[in-house]
**Student:** 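Structure provided below as structure tokens; questions to follow.
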Amino acid sequence: AMEEAKKILTVVNYYDDAYTACQGADMVMIVTEWNEFRDLDLRRVRQVVRTPVLFDTRNIYKPERARELGFTYLCTGRPG
């Protein structure tokens, strides 16, 4: 899908993996339920982000787990 997206979305940075994309990020936003993102190692993500904010628009993570790891956890459609 990335190759097709590059044809349309030209002012976007593309990365080969989620951890590289998270490197130095001020916020991580989950917008898909793909297994690649369901199975993220949140400890690893927490180590590489600049600001530990996780906005989970698909509610794939447990809020208490994300908070235990030091994230400010935001979600949609359920109590966060």
Side-chain angles (χ1 to χ4, degrees):
M2 195 178 329
E3 291 307 314
E4 291 301 313
K6 286 179 181 179
K7 295 174 186 175
I8 301 166
L9 304 171
T10 58
V11 188
V12 174
N13 295 324
Y14 294 90
Y15 299 94
D16 292 330
D17 67 84
Y19 303 105
T20 304
C22 291
Q23 185 74 40
D26 290 317
M27 181 179 81
V28 174
M29 179 180 277
I30 303 295
V31 296
T32 180
E33 297 174 19
W34 292 356
N35 287 336
E36 175 182 357
F37 300 102
R38 283 184 179 277
D39 298 334
L40 284 177
D41 178 348
L42 290 182
R43 281 187 195 278
R44 186 173 170 193
V45 171
R46 176 61 184 94
Q47 290 174 348
V48 300
V49 296
R50 181 181 341 183
T51 308
V53 176
L54 177 60
F55 186 5
D56 181 4
T57 68
R58 306 308 298 167
N59 298 322
I60 60 177
Y61 295 108
K62 294 181 179 177
E64 56 278 355
R65 176 71 176 137
R67 289 191 183 103
E68 283 174 7
L69 293 171
F71 285 98
T72 297
Y73 181 81
L74 308 166
C75 61
T76 55
R78 71 172 180 191

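The structure displayed is predicted, hence computed values, not measured ones.
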**Student:** Kindly list each side-chain donor-acceptor pair under 3.5 angstrom involving residues 38-45, sequence neighbours excluded, with atom names and distances?
**Tutor:**
unit_1, atom_1, unit_2, atom_2, d
Arg38, NE, Glu33, O, 3.1
Asp41, OD1, Arg43, N, 3.1
Asp41, OD1, Arg44, N, 3.2

**Student:** Any link between Met2 and Val12 through a network of hydrophobic side chains (Ile, Leu, Val, Met, Phe, Trp, Tyr) touching at under 4.5 Å?
**Tutor:** yes
**Student:** Checking Asp16 now: which residues fulfil side chain to side chain contact (heavy atoms under 4.5 Å, CB included) with it, not counting sequence neighbours?
**Tutor:** none
**Student:** Would you name the heavy atoms of Tyr61 and Leu54 that are closest together and state the gap between them?
**Tutor:** CD1-CD2, 4.2 Å
**Student:** Which heavy-atom pair separates Pro52 from Arg46 by the least distance, and what is that distance?
**Tutor:** CB-NE, 3.5 Å
**Student:** Using the side chain to side chain contact (heavy atoms under 4.5 Å, CB included) criterion, which residues pair with Thr51? Sequence neighbours excluded.
**Tutor:** Asp26, Val53
**Student:** Testing the basics here: between Gly24 and Arg50, what is the closest heavy-atom pair and its distance to 0.1 Å?
**Tutor:** O-NH2, 2.9 Å
**Student:** Ignoring hydrogens and angles, tell me if any N or O in the side chain of Arg67 forms a donor-acceptor pair with the backbone of Tyr73 under 3.5 Å.
**Tutor:** yes
**Student:** Is there a side-chain contact between Phe37 and Val31 in this structure, where contact means two heavy atoms from C-beta onward sitting under 4.5 Å apart?
**Tutor:** no
**Student:** Tell me whether Lys6 at atom NZ has more than 12 heavy atoms from other residues, nucleotides or ligands lying less than 6.0 Å away.
**Tutor:** yes
**Student:** Hey, any chance Phe55 and Val48 share a hydrophobic cluster, counting ILVMFWY side chains that come within less than 4.5 Å of each other, even indirectly?
**Tutor:** no
**Student:** Quick one: do Arg65 and Glu68 make a salt bridge, cutoff under 4.0 Å?
**Tutor:** yes
**Student:** Got a second to check how far Ile30's CD1 is from Thr57's OG1, nearest 0.5 Å?
**Tutor:** 8.0 Å
**Student:** Might you point out which heavy atoms bring Asn59 and Asp56 nearest each other, and give the distance in Å?
**Tutor:** N-OD1, 2.8 Å
